[in-house]
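The block underneath contains the structure these notes are about, expressed in structure tokens.
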Amino acid sequence: MKSVICVLPGDGIGPEIIDVAVDVLATIGKVYSHEFELNYADIGGIAIDNFGDPLPPATLAACKACDAMLLGAVGGPKWSDPKATIRPEQGLLRLRAEMGLFANLRPVKTHPDIIKHSPLREDRLHGVNMMIVRELTGGIYFGDRVESETQASDVCTYSDTEVQRIVRVAARLAVSRSGRLVSVDKANVLATSRLWRAVTTQVIENEFPQITLEHVLVDAAAMHLLQRPKDFDVMVTENLFGDILSDEASVIPGSIGLLPSASINDGGVGLYEPIHGSAPDIAGQGIANPYGTLASVAMMLRHSLSMSAEADALEAAIYWCLSQGFLTIDLADENAALSTREVGAKVCATLSYY
Ligand code: IPM
Ligand code: MN
């Protein structure tokens, strides 16, 4: 069966890491006899340059017609003029909204041979395996915005149904894991957080009585995440808190370049991308860490393409390559660092060997 993948390289290091992901997909296609049809489309800054629109109609049409979307990154200094009204990031936000991708899954796992590169104490890092479930199409990201030279406002709104559906996604994950769920909010200050907390409690009590639910304020959660990361399993939170906490959590495994994400809706189509940005400072040098993108490909194989054996094999290949010290400069010593493509070739070779 043919799978149609919409490939959105985007800006900065996006095209470099996506090239490697495409090589790995080709290897998986060869080893497992799958046909992947890749439809490339512009998003973000490159789409502003080519079409004057960060999410051109042709890109959205390609996304609506595919089985899964694979994205590199968007944004960069070229399009960061504070006076600009069109921004690369708007393309990604509109894509999330248009495709109804309300649930963003960001797994954070440590690798025993990599944690020595984390700035955190090693004894706190062994065996960390958590899942951040970030609400992705609501909250302050999508509220009314007013901007003048002297005053600005961003409105944060959540409805009960928006909270219910993301909590259900997190709860189903929690049931399949440890049965523990931490919900993060700022209920001591924000009205949206008080609604969030009340609705979360209700959903869990009524529909998932087997789950142990804990509510944690976001400031405390930010601290606990680094002090005792092993205590977390599934964490559910709203859009902005999830954005911030997932970048913070990337310090735990050692590099933000390692972390994947999946953005899903109630159907099967999903958007898969590393959690890092476009890294304009290293773009074009071929040194970006591709592991987060490759791990996103594994999530895509599993969640959108029903290829769980292939996803397992890719995750095993990534794990093995990390164990072997096949690392880019963000993790390796300067004289031992591999290029983005060299890491990709190691992963492909490992997959072919299995
Ligand atoms: C992310 C990114 C995006 C976000 C940006 C690029 C709009 O930081 O996916 O975490 O804030 O959601
Ligand atoms: Mn982010």
Side-chain angles (χ1 to χ4, degrees), residues 8-15 17-18 21 42-48 53-55 59 63 69-82 84-108 130-143 145 147 154 156 158 162 166 184 218 221-222 225 235-253 255-265 270-281 283 288-289 292-293 295-297 299-300:
L8 307 161
D11 308 318
I13 58 170
I17 52 177
I18 288 295
D42 286 345
I43 192 169
I46 181 84
I48 296 176
D53 180 352
L55 184 66
T59 299
C63 290
M69 297 160 273
L70 182 62
L71 184 138
V74 296
K78 184 175 174 193
W79 309 279
S80 294
D81 180 350
T85 50
I86 303 180
R87 298 170 167 277
E89 291 78 5
Q90 290 162 348
L92 181 54
L93 298 182
R94 256 171 55 209
L95 181 61
R96 290 171 179 170
E98 289 275 357
M99 301 297 293
L101 304 169
F102 67 88
N104 182 223
L105 313 182
R106 299 190 160 185
V108 180
M130 65 176 296
M131 178 69 89
I132 299 177
V133 180
R134 169 188 174 194
E135 200 290 326
L136 203 60
T137 51
I140 204 162
Y141 271 65
F142 291 93
R145 244 178 272 296
E147 221 163 337
D154 302 275
C156 182
Y158 268 109
E162 283 177 303
I166 189 71
V184 174
V218 63
L225 203 49
M235 172 191 282
V236 63
T237 191
E238 61 104 82
N239 204 342
L240 180 63
F241 298 161
D243 179 48
I244 298 168
L245 291 177
S246 56
D247 267 34
E248 184 196 357
S250 77
V251 177
I252 298 166
S255 169
I256 195 168
L258 295 169
L259 294 198
S261 83
S263 303
I264 57 175
N265 52 28
L271 169 67
Y272 300 86
E273 53 173 322
I275 81 154
H276 62 70
S278 60
D281 52 324
N289 184 339
T293 312
S296 303
V297 170
M299 293 184 89
M300 175 177 82

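All values below come from the heavy atoms of this structure, side chains included, with hydrogens, waters and symmetry mates left out. In listed order, ligands and their atoms are each counted from 1.
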Problem set entry | Contact check, side chains of Ile264 and Tyr272, non-hydrogen atoms, under 4.5 Å | yes

Exercise. Is Gln90 in contact with ligand 1, taking contact as a heavy-atom separation below 4.0 Å?
Worked result: no

Problem set entry | Atoms of ligand 1 close to Asp243 [distance to a heavy atom under 4.0 angstrom, numbered from 1] | 1 (C), 4 (C), 8 (O), 10 (O), 11 (O)

Exercise. Of the protein's non-hydrogen atoms, which lies at the shortest distance from atom 5 (C) of ligand 1, and what is that distance?
Worked result: Glu89 CG, 4.3 Å

Exercise. Is Tyr141 close to ligand 1, meaning an N/O of one under 3.5 Å from an N/O of the other?
Worked result: yes

Exercise. So, is Asp243 placed with an N/O/S atom under 2.8 Å from the Mn ion (ligand 2), counting both backbone and side chain?
Worked result: yes

For this session: With side-chain contact (heavy atoms from CB on, under 4.5 Å) as the test, would you mind laying out the steps for Leu245 and Glu248 before giving the verdict?
Result: CA-CA 5 Å; Leu245 291 177; Glu248 184 196 357; 3.5 Å; yes

Exercise. Any side-chain heavy atom of Thr237 sitting closer than 4.5 Å to one from Val218?
Worked result: no

Exercise. When Asn289 is tested against each of Leu258, Ile17, Ile13 for side-chain contact (heavy atoms from CB on, under 4.5 Å), which residue passes?
Worked result: Leu258

Problem set entry | Min side-chain heavy-atom separation Leu105-Val133 under 4.5 Å | yes

Exercise. Can you tell which part of Arg96 has a heavy atom less than 4.0 Å from ligand 1: side chain, backbone, both or neither?
Worked result: side chain

Exercise. With a 4.5 Å limit on heavy-atom distance, are the side chains of Leu55 and Ile43 in contact?
Worked result: yes

For this session: With heavy atoms only and a cut-off of under 4.0 Å, state how Arg134 meets ligand 1: side chain, backbone, both or neither.
Result: side chain

Seminar exercise, completed: Here the atoms of ligand 1 under 4.0 Å from any heavy atom belonging to Arg106 are 1 (C), 9 (O), 10 (O)

